[in-house]
Amino acid sequence: MSNEVRGLSARYLDAKKALFEKKYGFLNEMQRKAVFTVNGPLLVLAGAGTGKTTLLVNRISFILKYGNAYLSDIVPAGVSEEYIKELESLLQEDEISEETLADFAVAPPAPWQILAITFTNKAANEMKTRLTNIVGESANDVWCGTFHSMCLRMLRSHSKEAGLDNHFTIYDADDSKKVITECMKQLNIDEKTLTAKTVISQISKAKDQLMTPHDFDADISHNDFKMQMISSLYAMYQARLTEAGAVDFDDIIMKTVLMLKTNADVREYYQKKFRYVLIDEFQDTNYAQFELARILSDGYGNLMVVGDDDQSIYKFRGATVENILTFDEKIKNASVIKLEDNYRSTEAILGAANSVIRHNFGRRGKELRACRGPGEKITVKKVETQNDEAKFIVNKIMELIIREKRKYGDFAVLYRVNAQSGALENVFAKSGVPYRLLGGVRFFERKEVKDIIAYLSVVSNGNDNLRLRRIINEPKRKIGEATINQIELLSETVGKSMFSIMESARSYPAVSKSAGKFEMFVYLIYGLRKIAREEGLAKLVEKTIELSGYGEMLRAAEENGESTERSENVRELISYAAEYEHNNENATLEGFLEDIALVADVDNYDASADAVVLMTIHSAKGLEFPVVFLPGMEEDLFPSARSVMEAEELEEERRLAYVAITRAKDRLFMIHTRERLFYGRTMYNPQSRFIGEIAAEYKNEDVPKPKEKPKTEYGEKTRKVRISNELFSRSAISANVGKAQSSVETFRAGDRVKHITFGVGTVLSAKAMGADILYEIAFDNVGTKKLMATYAKLTKV
DNA sequence: AGAGCGAGCGTTTTT
DNA sequence: CGCTCGCTCT
């Protein structure tokens, strides 16, 4: 090769890279680097708000369009001086077309050769939507979903290799617990010796470690009495699931990994298939999930993981931060890229977040850099009770809506435990501020919904003994506990499912006298199976509700004055089925049940609704809000009392605080109370240590003024009212306020008024502020408050 | 079989 | 405080 040609090659490669750099100029340098690094293992440490989803979406679309174009040093044969000049001149253009870049494409994969795994359906859907916006419909063929949905897809295609029935049922946490409780009863284990909760978490841990009941039993560290019991329970539990043709959530992952490990054909099939594997939220993965990622990416070795060790908040349910901390030790030749430019929050908020998280040890070490202005300092507010806390939040929201022209949807109230939501909800409900409460009992966990789903499960899988038990006498069919136990006993001795015993009850003397009742039930299921085959899914759900007598039962309950909520929920399930049918051409009952099992919450947070959102900090991960309130910033609540004993747990709490702080874009309020009623007990806790960890320059401590002596003139008793100098006449206010506010009643100083939250009081002053009126009111029981007319909802008394 | 009542207990949660 | 669970009584 002559010197001249080599020079041309270098110039060609430079021009190519420059063109890509320019095309992706909307990303920062590190993001671009992560997009272009498509070969080999890659760890991206992405701090909060550093554009992680943007990166993932663009990396996938880049791979789809150009494959290995950026890194490749292939130079087309006979590349000419003219051609390179043309490329170089393209660089001067404002816009670089995709066609131009497509010429550089090196072996771009088909969409189905890319596997992108997230933790929640929400994240998966967002990724799909954004990907579709860039690459169009081909995004649908990318394997993009949660760990569980992707594994299920593999298990379904290879159910035989995984040792599963064609129609297996998925048991949720509730189902698992029931099975465990049954097993414990059978083994005569008292809940006082060993709680079902402990057993479940141990089994779950074992499955995370890919330990079968056999492995568990063989583990020498499990030789104490308790572990022996757990070991027997694990074996028994697993046998029950197998009989019922069911898998639990952990099984979905474990069985996939074990199948891939033991079956070379299946393994090689997927290893050849997936040229690129991407895993999101890697800090929340467990051992089994890491193994899965490792095996699936072993064909091409293109495994990219993204995460933030500082946001690992799910250790309590089996996540191992070590996965991300030691990724580059475990996976050879891994590149590491850090994203530290934060586009979300103000300097004050980031400063606070950084100063808190710095107190943790064992970090990868990242420091978020602010790309926005300094912003307002964080407000730390101390109040008396949790009721005052809620009122402070509501008032602040109302104030900021007017002062800063914000929408209700801009606000989030994030708390440590769901039990805090009650006091907040009360005040919100009274104030008239629209709010949405996340958490609590989810739609698919409601009893009536689970019951109907249990019917559908039995229709789909007659072996599902647990679900059969659930509905066999719901509504009442006069099949009592004793009878059911006999069926179960027979089922165990004969080795057939409970349903098949019921089918031929007449031939078993022990239960033959109830055979008539069983037949009714069996025919009900037969009938529903026919409907499942011949009519649509929504029809099936509807007829299940009616033919089972469940609908009748609910209607009867309503006539006795019960709320219509349960009927509504059940009907909601019909619409859900109709929607599923609408969205899936070949909708099957099995697919529907699977969807329900994996898509937990239909009332998911909908950012488009203009309402304040109330939720736990855990649920807020991955979300962002212009204004965030953190109530309950007290020791023993946050950090929780249980965590302060153990350094590791305290660090997890601190990461949780970090997540909470970094949700805020513009404003952050931390509130703590002097006293708090919690589980019926009053606690008096000092402010959270996390407030203390925030450097003073980022926070404003709003220390309550030294106990203001209650001024008698504000009191109900004396009826003396201080009249402010700033008082406007009624007409002056109206004039200032204009037409838009005509529905708001106006008041003048001295008027007695009533506010729905604060009660009765006397107007001290009224002042026009733009289109609104600001009232200062001395409430008889609450002291002085300033209220905006648009939200104050005052009435004359 | 089902109502009624008292004891006990209560992080965080997605799939 | 408010829910669930299990026991007892009808």
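Numbered from 1 within each chain, the chains take letters A, B, ... in sequence-line order.
Taking the side chain of A:Asn473 as heavy atoms from C-beta on, and the options B:dG2, B:dT13, B:dT15, the nearest nucleotide is B:dG2. The side chain of A:Asn418 lies closest to B:dT12, out of B:dG10, B:dT15, B:dT12. For A:Arg416, whose side chain is taken as the heavy atoms from C-beta onward, the closest listed nucleotide among B:dT11, B:dT14, B:dT15 is B:dT11. Among B:dT13, B:dT15, B:dG10, the nucleotide with an atom closest to any side-chain atom of A:Tyr679 is B:dG10. Distance from the side chain of A:Tyr314 is smallest to B:dT13 among B:dT13, B:dT11, B:dT15. Across B:dT11, B:dT15, B:dG2, the shortest atom-to-atom separation from the side chain of A:Arg642 is found for B:dT11. Between B:dT15, B:dT13, B:dT11, one nucleotide has an atom nearer to the side chain of A:Val417 than all others, and that is B:dT11. Counting only heavy atoms from C-beta on, A:Ser643 has its side chain closest to B:dT11 among B:dT11, B:dG2, B:dT13. Closest contact between the side chain of A:Phe249 and the listed nucleotides B:dT12, B:dT11, B:dT15 involves B:dT15.
A stacked arrangement is assigned to A:Phe316 and the six-membered base ring of B:dT12, with a centre-to-centre distance below 5.5 Å and an interplanar angle below 30°.
Heavy atoms of other residues, nucleotides or ligands lying less than 6.0 angstrom from NZ of A:Lys177 number 12 at most.
Rounding to the nearest 0.5 Å places CD of A:Glu590 at 9.5 Å from CG of A:Asn166. Annotation: the span from A:Glu651 atom CD to A:Ile357 atom CD1 amounts to 8.0 Å, rounded to 0.5 Å.
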